[in-house]
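Below you'll find the structure, written out as structure tokens, and then a few comments.
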Amino acid sequence: MITSQFVKEPYRLFFPLGTLLLLCGILLWVPLIWTGESYPVELHRYLMLNGFTGCFIGGFLMTAVPKFSQTESARVLEVATFATITMMGVAVAHLVDSRFIYLISSMQPAFLLFFLFRRITKRKVNPPYSFVFIFVGLFMWILSGLLSCFIDQESFKYLHYEGAIACIILGVGSRLIPGILGHVEIVAAQRASYERPVSIIKTVPLKFALLGLAFIVSYFLGEERGMPLRSLVVIIVGVFYWKLWKAPKEKTALTWCIWFSSWMIALSFILKSFWTEGLIHIGHSFFINGIVLLSFLIATRVLQSHGPQDKNLENKKVLYVFTGLVFLAAATRVSAFLMPDHYLKHLAYASIVLSFAVLIWSTKYLRFVLSVPGK
């Protein structure tokens, strides 16, 4: 029973694996307290982006899309293939030539697109129209890997660790976040659009499609013009689709923490428009306060709803502690830029705080990957 659930609901495998890879990626910083030497950047980047983020994205999509589209669940070969690609990249990330890392990086979204298209073409109902952003994000992920592999690594890295992942967050978040926060009127309006018996493209409102196009174009305009444009897109999505200017209607520890994380995503984009000298450092604010924090919070809902189905798990005070520690880790990482004499040590301090936060969450919630619905 449990083994079959790991295949039908791949998050049960990929959430723990992603958590482990995240810890491996951030703990690379800890020796910097004593050695003061540089750390393996390529390995760290792969573990964080393709390891942790890839596993959480893959686990969520391979579980959610079959349910949203009412198609077949994931198969053993599909789950094994994605896991193999991911772990193959971990091995390759230890090599000197980083081009192979980017090549494998492109294989992850390529496989996820294959998985999604197999379900979408056989769908019984349309998935949420905001999921179009997911396809855009996966294409950007593939493009960033190929361009980095064969042309220039530095020029296209933002396409992956910011653009592609932000697209996926905007796509998934525009359906899940208002629903979790209790804004049922937004969900109802979306469902009225995408549940019509028409093609997926026709369910996407023109204004939402234009937002997606503007977001993509912003990454090819240069930072001076592109950053304000993509910040504007994120603000519009946050205001009109996520209703961040309103407090959550459903008030629990989980909803308040998701609301906070969503604001941190918007603010990180806004800050990057003004603090151009610290782009890479503000980018870590987006990654830690946005990607890491939001991934674990959404995972909390997934684990609860697919496992014990106990809403009390979403109102545990430990979620506030977890969120506070993640924010502290992000603040420590960003502020390292302002203290160049202690820069490497601050990376290590941020690593320790973030690791502590992840271990606290894992101890409380990760065990529910073994729970079957209602138990």
Quick check on the hydrophobic clustering: are [X] and [Y] connected, directly or via other members, by side-chain heavy-atom contacts under 4.5 Å?
X      : Y      : result
Trp245 : Val237 : yes
Phe6   : Leu77  : no
Leu213 : Phe131 : no

key: Neighbour count >12 (heavy atoms, 6.0 Å) for atom NZ, Lys249   = yes
task = Taking atom CZ of Arg367 as the centre, report whether more than 12 heavy atoms of other residues, nucleotides or ligands fall under 6.0 Å from it.
result = yes
Name every donor-acceptor pair, under 3.5 Å, that has one atom in a side chain of residues 347-356 and the other anywhere in the protein, sequence neighbours excluded.
residue : atom : partner : partner atom : Å
Ser351  : OG   : Ile26   : O            : 2.4
Ser355  : OG   : Ser351  : O            : 2.8

Minimum side-chain heavy-atom gap [X]-[Y] below 4.5 Å:
X      : Y      : answer
Tyr102 : Glu42  : yes
Arg333 : Phe287 : no
Phe215 : Val234 : yes
Leu20  : Phe52  : no
Val302 : Thr63  : no
Cys55  : Phe15  : no

For the student: nearest non-hydrogen atoms of [X] and [Y], plus distance:
X      : Y      : value
Pro16  : Leu366 : CA-CD2, 4.1 Å
Val318 : Ile360 : CG2-CG2, 3.4 Å
Arg119 : Ala74  : NH2-CA, 3.7 Å

ask   = Would Glu314 and Lys251 pass as an ion pair if we require N to O under 4.0 Å?
value = no
query = Is the shortest distance from a Lys or Arg side-chain nitrogen in Lys243 or Glu185 to a carboxylate oxygen in the other one below 4.0 Å?
reply = no
Quiz question: by atom type and distance under 3.5 Å, do the side chains of [X] and [Y] form a donor-acceptor pair?
X      : Y      : result
Trp141 : Ser106 : no
Tyr219 : Glu162 : yes
Ser105 : Asn50  : yes

ask   = With sequence neighbours excluded, what pairs up with Pro248 under the side chain to side chain contact (heavy atoms under 4.5 Å, CB included) test?
value = Leu181, Thr255, Trp256, Trp259
request  = Kindly write out the residues that satisfy side chain to side chain contact (heavy atoms under 4.5 Å, CB included) with Ser130, not counting sequence neighbours, or none if the list is empty.
outcome  = Pro128, Ser174, Arg175, Phe208
request  = Taking salt bridge (Lys or Arg N to Asp or Glu O under 4.0 Å) as the test, write out the residues that go with Glu72, two or more places apart.
outcome  = Arg75, Arg118
Once you round to the nearest 0.5 Å, how far does [atom1] of [X] lie from [atom2] of [Y]?
X      : Y      : atom1 : atom2 : answer
Leu47  : Leu27  : CG    : CG    : 10.5 Å
Thr71  : Ile120 : OG1   : CD1   : 7.0 Å
Ser218 : Arg225 : OG    : CZ    : 11.5 Å
Asn315 : Glu250 : CG    : CD    : 9.0 Å
Cys257 : Leu294 : SG    : CG    : 11.0 Å
Phe133 : Met140 : CZ    : CE    : 10.0 Å

ask   = Is the centre of the His306 ring less than 6.0 Å from the centre of the Phe368 ring?
value = no
inquiry  = According to ring-ring contact (aromatic ring centres under 6.0 Å, His included), who are the partners of Phe82, at least two apart in sequence or on a separate chain?
reply    = Phe14
key: Any residue meeting ring-ring contact (aromatic ring centres under 6.0 Å, His included) with Phe139, in chain and number order, not counting sequence neighbours   = none
Plane angle bin for Phe296 and Phe56 - parallel if under 30°, tilted between 30 and 60°, otherwise perpendicular = perpendicular
task = Could you please spell out the steps behind the side chain to side chain donor-acceptor pair (under 3.5 Å) verdict for Thr19 and Trp361?
result = CA-CA 10 Å; Thr19 302; Trp361 181 90; over 6 Å; no
